[in-house]
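What follows is a short report on a single structure.
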Amino acid sequence: EIFTPLRMTTATLGIVYDDVVPPKASIGHDLAAGETVPVPRAATSANVNYHYEASNGAGAYTACTLQDWAKFLHLHMTSDIGDYLTAATGARLQQPFPGPAFSGADGYARGAYVYTNLSWAKPGNALYHGGDVWGEDSIAWMSPGRDFIVVVYANCHSADSSAILAMSDAASLLIGRYAGAAASGPWLE
(Lines give C-alpha, C1' and ligand atoms only; values in the text may rest on other atoms or scores of the structure.)
Protein backbone atom coordinates (compact mmCIF):
# COMPACT_ATOMS: atom_id res chain seq x y z
CA GLU A 1 0.00 0.00 0.00
CA ILE A 2 2.79 2.45 0.83
CA PHE A 3 6.26 0.97 0.38
CA THR A 4 5.86 -0.20 -3.23
CA PRO A 5 4.28 2.96 -4.72
CA LEU A 6 6.91 5.11 -2.97
CA ARG A 7 9.75 2.76 -3.96
CA MET A 8 10.77 2.41 -0.30
CA THR A 9 12.89 -0.65 -1.03
CA THR A 10 14.55 -0.83 2.40
CA ALA A 11 11.37 -0.56 4.49
CA THR A 12 10.46 -3.38 6.87
CA LEU A 13 8.02 -3.75 9.75
CA GLY A 14 9.11 -4.46 13.30
CA ILE A 15 12.01 -3.58 15.54
CA VAL A 16 15.33 -4.17 13.82
CA TYR A 17 18.05 -5.57 16.02
CA ASP A 18 21.43 -6.67 14.79
CA ASP A 19 24.00 -7.97 17.26
CA VAL A 20 26.62 -8.87 14.65
CA VAL A 21 29.91 -7.00 15.12
CA PRO A 22 30.09 -4.69 13.30
CA PRO A 23 26.29 -4.37 12.98
CA LYS A 24 24.64 -4.20 9.56
CA ALA A 25 21.77 -2.17 11.01
CA SER A 26 21.83 0.57 13.60
CA ILE A 27 21.43 -0.52 17.21
CA GLY A 28 19.62 1.67 19.70
CA HIS A 29 21.59 2.92 22.68
CA ASP A 30 20.64 4.41 26.03
CA LEU A 31 22.51 7.28 27.64
CA ALA A 32 21.92 7.61 31.38
CA ALA A 33 21.62 11.10 32.87
CA GLY A 34 25.04 12.62 33.51
CA GLU A 35 26.87 9.90 31.56
CA THR A 36 28.91 10.33 28.39
CA VAL A 37 29.07 6.76 27.08
CA PRO A 38 25.85 5.26 25.69
CA VAL A 39 25.08 1.59 26.30
CA PRO A 40 23.69 -0.59 23.46
CA ARG A 41 20.19 -1.92 24.01
CA ALA A 42 20.10 -5.64 24.57
CA ALA A 43 18.04 -7.88 22.33
CA THR A 44 14.73 -8.98 23.80
CA SER A 45 12.62 -12.05 23.29
CA ALA A 46 10.09 -12.29 20.48
CA ASN A 47 7.31 -12.22 23.11
CA VAL A 48 8.55 -8.94 24.61
CA ASN A 49 8.94 -7.44 21.13
CA TYR A 50 5.40 -8.50 20.22
CA HIS A 51 3.87 -6.81 23.28
CA TYR A 52 6.11 -3.73 22.99
CA GLU A 53 5.26 -3.27 19.32
CA ALA A 54 1.53 -3.86 19.94
CA SER A 55 1.38 -1.24 22.70
CA ASN A 56 3.78 1.38 21.35
CA GLY A 57 4.12 0.89 17.60
CA ALA A 58 1.35 2.84 15.93
CA GLY A 59 3.31 2.75 12.66
CA ALA A 60 4.15 -0.94 13.12
CA TYR A 61 7.72 0.14 13.79
CA THR A 62 8.52 0.77 10.18
CA ALA A 63 12.28 0.66 9.74
CA CYS A 64 14.02 2.05 6.64
CA THR A 65 16.96 4.13 5.49
CA LEU A 66 16.82 7.90 5.88
CA GLN A 67 16.53 8.15 2.08
CA ASP A 68 13.38 6.01 2.08
CA TRP A 69 11.95 7.93 5.04
CA ALA A 70 12.52 11.16 3.08
CA LYS A 71 10.37 9.72 0.28
CA PHE A 72 7.53 9.13 2.74
CA LEU A 73 7.95 12.60 4.28
CA HIS A 74 7.95 14.17 0.82
CA LEU A 75 4.67 12.45 0.01
CA HIS A 76 3.15 13.53 3.33
CA MET A 77 4.32 17.08 2.72
CA THR A 78 3.42 17.57 -0.95
CA SER A 79 1.14 14.68 -2.07
CA ASP A 80 3.46 14.62 -5.09
CA ILE A 81 3.41 11.06 -6.43
CA GLY A 82 0.99 10.65 -9.27
CA ASP A 83 -2.50 10.03 -7.98
CA TYR A 84 -1.42 8.29 -4.76
CA LEU A 85 -2.88 11.06 -2.58
CA THR A 86 -5.33 13.71 -3.65
CA ALA A 87 -4.57 17.34 -2.82
CA ALA A 88 -7.54 17.27 -0.44
CA THR A 89 -6.14 14.25 1.43
CA GLY A 90 -2.72 15.89 1.59
CA ALA A 91 -4.26 19.05 3.04
CA ARG A 92 -6.21 16.97 5.57
CA LEU A 93 -2.98 15.31 6.75
CA GLN A 94 -1.65 18.77 7.62
CA GLN A 95 -4.80 20.16 9.31
CA PRO A 96 -4.21 20.42 13.07
CA PHE A 97 -6.76 19.02 15.49
CA PRO A 98 -8.07 21.52 18.04
CA GLY A 99 -6.63 21.06 21.48
CA PRO A 100 -3.46 21.61 23.46
CA ALA A 101 -0.43 22.51 21.39
CA PHE A 102 3.24 21.54 21.72
CA SER A 103 6.03 24.13 22.12
CA GLY A 104 4.29 26.89 20.20
CA ALA A 105 2.65 24.61 17.65
CA ASP A 106 -0.84 25.42 16.45
CA GLY A 107 -1.79 21.81 17.03
CA TYR A 108 -1.12 18.22 16.10
CA ALA A 109 -2.20 17.01 12.67
CA ARG A 110 -2.15 13.46 11.37
CA GLY A 111 1.49 12.63 11.99
CA ALA A 112 3.03 16.08 12.53
CA TYR A 113 2.81 19.20 14.67
CA VAL A 114 1.80 22.27 12.63
CA TYR A 115 3.47 25.66 13.10
CA THR A 116 2.04 28.65 11.23
CA ASN A 117 4.42 31.27 12.65
CA LEU A 118 7.89 30.11 11.52
CA SER A 119 9.33 32.51 8.95
CA TRP A 120 11.79 29.98 7.46
CA ALA A 121 8.84 27.84 6.31
CA LYS A 122 6.96 30.61 4.52
CA PRO A 123 5.02 30.49 2.33
CA GLY A 124 2.89 28.08 4.30
CA ASN A 125 3.33 26.15 7.51
CA ALA A 126 6.12 24.16 9.09
CA LEU A 127 5.51 20.53 10.05
CA TYR A 128 7.42 18.75 12.81
CA HIS A 129 7.59 15.12 13.89
CA GLY A 130 9.89 13.53 16.41
CA GLY A 131 10.10 10.34 18.34
CA ASP A 132 12.12 7.43 19.52
CA VAL A 133 11.99 3.73 18.84
CA TRP A 134 13.95 1.23 20.88
CA GLY A 135 16.85 3.54 21.72
CA GLU A 136 16.94 5.47 18.45
CA ASP A 137 15.71 9.09 18.20
CA SER A 138 14.84 11.22 15.20
CA ILE A 139 13.24 14.53 14.33
CA ALA A 140 11.96 15.85 11.03
CA TRP A 141 11.07 19.41 10.01
CA MET A 142 9.21 20.04 6.76
CA SER A 143 8.13 23.11 4.83
CA PRO A 144 5.56 22.16 2.17
CA GLY A 145 5.69 25.69 0.70
CA ARG A 146 9.43 25.37 0.09
CA ASP A 147 9.49 21.61 -0.63
CA PHE A 148 12.12 21.44 2.10
CA ILE A 149 12.83 18.61 4.58
CA VAL A 150 15.39 18.29 7.38
CA VAL A 151 15.82 14.94 9.14
CA VAL A 152 18.15 14.39 12.08
CA TYR A 153 18.73 10.93 13.56
CA ALA A 154 20.75 9.46 16.42
CA ASN A 155 20.96 5.84 17.48
CA CYS A 156 20.85 6.99 21.10
CA HIS A 157 18.04 7.88 23.49
CA SER A 158 19.11 9.93 26.51
CA ALA A 159 17.43 10.03 29.90
CA ASP A 160 18.27 13.72 30.33
CA SER A 161 17.10 14.89 26.85
CA SER A 162 20.67 15.68 25.76
CA ALA A 163 20.28 13.63 22.56
CA ILE A 164 17.08 15.39 21.48
CA LEU A 165 18.60 18.78 22.36
CA ALA A 166 21.68 18.01 20.23
CA MET A 167 19.45 16.88 17.35
CA SER A 168 17.35 20.05 17.68
CA ASP A 169 20.54 22.14 17.50
CA ALA A 170 21.64 20.26 14.38
CA ALA A 171 18.21 20.71 12.78
CA SER A 172 18.26 24.45 13.57
CA LEU A 173 21.70 24.75 11.97
CA LEU A 174 20.54 22.95 8.81
CA ILE A 175 17.32 24.97 8.60
CA GLY A 176 19.22 28.22 9.04
CA ARG A 177 21.72 27.29 6.38
CA TYR A 178 19.48 25.68 3.73
CA ALA A 179 15.82 26.71 4.13
CA GLY A 180 16.26 29.70 1.84
CA ALA A 181 18.42 27.93 -0.75
CA ALA A 182 17.14 27.12 -4.21
CA ALA A 183 16.18 23.49 -4.69
CA SER A 184 18.92 21.41 -6.26
CA GLY A 185 20.03 17.84 -6.64
CA PRO A 186 18.24 14.74 -7.85
CA TRP A 187 14.99 13.44 -6.42
CA LEU A 188 15.69 10.44 -4.22
CA GLU A 189 15.18 7.30 -6.27
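Contact between Ile149 and Ala70 at its shortest, heavy atoms only, is CD1-O, 4.0 Å. Taking both residues in full, the closest heavy atoms of Ala163 and Ser158 are given as N-OG, 2.8 Å, listed atom of the first, atom of the second, then distance. Shortest non-hydrogen contact noted between Leu13 and Phe3 is CD2-CZ, 3.9 Å.
You'll find the side chain of Leu127 reaches within 4.5 Å of the side chain of His76, heavy atoms only. Taking 4.5 Å as the limit, some side-chain heavy atom of His74 sits within range of a side-chain heavy atom of Asp147.
The distance from the CG atom of Asp68 to the OG1 atom of Thr10 is 3.5 Å, given to the nearest 0.5 Å. Distance check: His29 NE2 to Glu136 CD gives 9.5 Å after rounding to the nearest 0.5 Å. Arg146 contributes atom CZ, which lies 12.0 Å from atom CE of Met77 (distance to the nearest 0.5 angstrom). Annotation: the span from His129 atom NE2 to Trp69 atom CH2 amounts to 6.0 Å, rounded to 0.5 Å. Atom CD1 of Ile2 sits about 8.5 Å away from atom CG of Leu75, to the nearest 0.5 Å. Note that the NZ atom of Lys71 and the CG atom of Leu66 stand 12.5 Å from one another [nearest 0.5 Å].
Under the 4.5 Å side-chain heavy-atom criterion for Ile, Leu, Val, Met, Phe, Trp and Tyr, Leu173 and Trp120 are members of distinct hydrophobic clusters.
Thr86 meets the side-chain hydrogen bond (donor to acceptor under 3.5 Å, both in side chains) test with Thr89; sequence neighbours excluded. With sequence neighbours excluded, the residues that form a side-chain contact (heavy atoms from CB on, under 4.5 Å) with Ala109 are Val114. Every residue was checked against the side-chain hydrogen bond (donor to acceptor under 3.5 Å, both in side chains) condition with Asn155, not counting sequence neighbours, and none meets it. Ala171 pairs by the side-chain contact (heavy atoms from CB on, under 4.5 Å) definition with Ile139, Trp141, Val150, Val152, not counting sequence neighbours. Evaluation of the side-chain hydrogen bond (donor to acceptor under 3.5 Å, both in side chains) rule for Tyr178 yields no partner, not counting sequence neighbours. By the side-chain contact (heavy atoms from CB on, under 4.5 Å) test, Arg110 pairs with Arg92, Leu93, Phe97, sequence neighbours left out. Shown here are the side-chain hydrogen bond (donor to acceptor under 3.5 Å, both in side chains) partners of Asp160, two or more places apart in sequence or in another chain: Ser162.
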Which atom pairs, donor and acceptor, lie under 3.5 Å between side-chain atoms of residues 30-37 and protein residues at least two apart or in another chain?
{"unit_1": "Asp30", "atom_1": "OD1", "unit_2": "Arg41", "atom_2": "NE", "d": "3.1"}
{"unit_1": "Asp30", "atom_1": "OD1", "unit_2": "Arg41", "atom_2": "NH2", "d": "2.8"}
{"unit_1": "Asp30", "atom_1": "OD2", "unit_2": "Arg41", "atom_2": "NE", "d": "2.5"}

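Counting heavy atoms of neighbouring residues, nucleotides and ligands inside a 6.0 Å radius, atom CZ of Phe148 exceeds 12 of them.
Using a 3.5 Å distance cut-off with no hydrogens or angles, the side chains of Asn125 and Thr116 do not pair a donor with an acceptor.
Side chain of His157 to main chain of Asp137: no donor-acceptor pair is present (N/O by atom type, distance under 3.5 Å, no hydrogens or angles). No donor-acceptor distance shorter than 3.5 angstrom exists from the side chain of Ser161 to the backbone of Ile164, with no hydrogens or angles considered. Panel note: side chain Ser138, backbone Tyr153; no donor-acceptor pair is recorded below 3.5 Å.
Between Tyr128 and Tyr113, the angle of the ring planes lies from 30° to 60°, which puts this pair in the tilted group.
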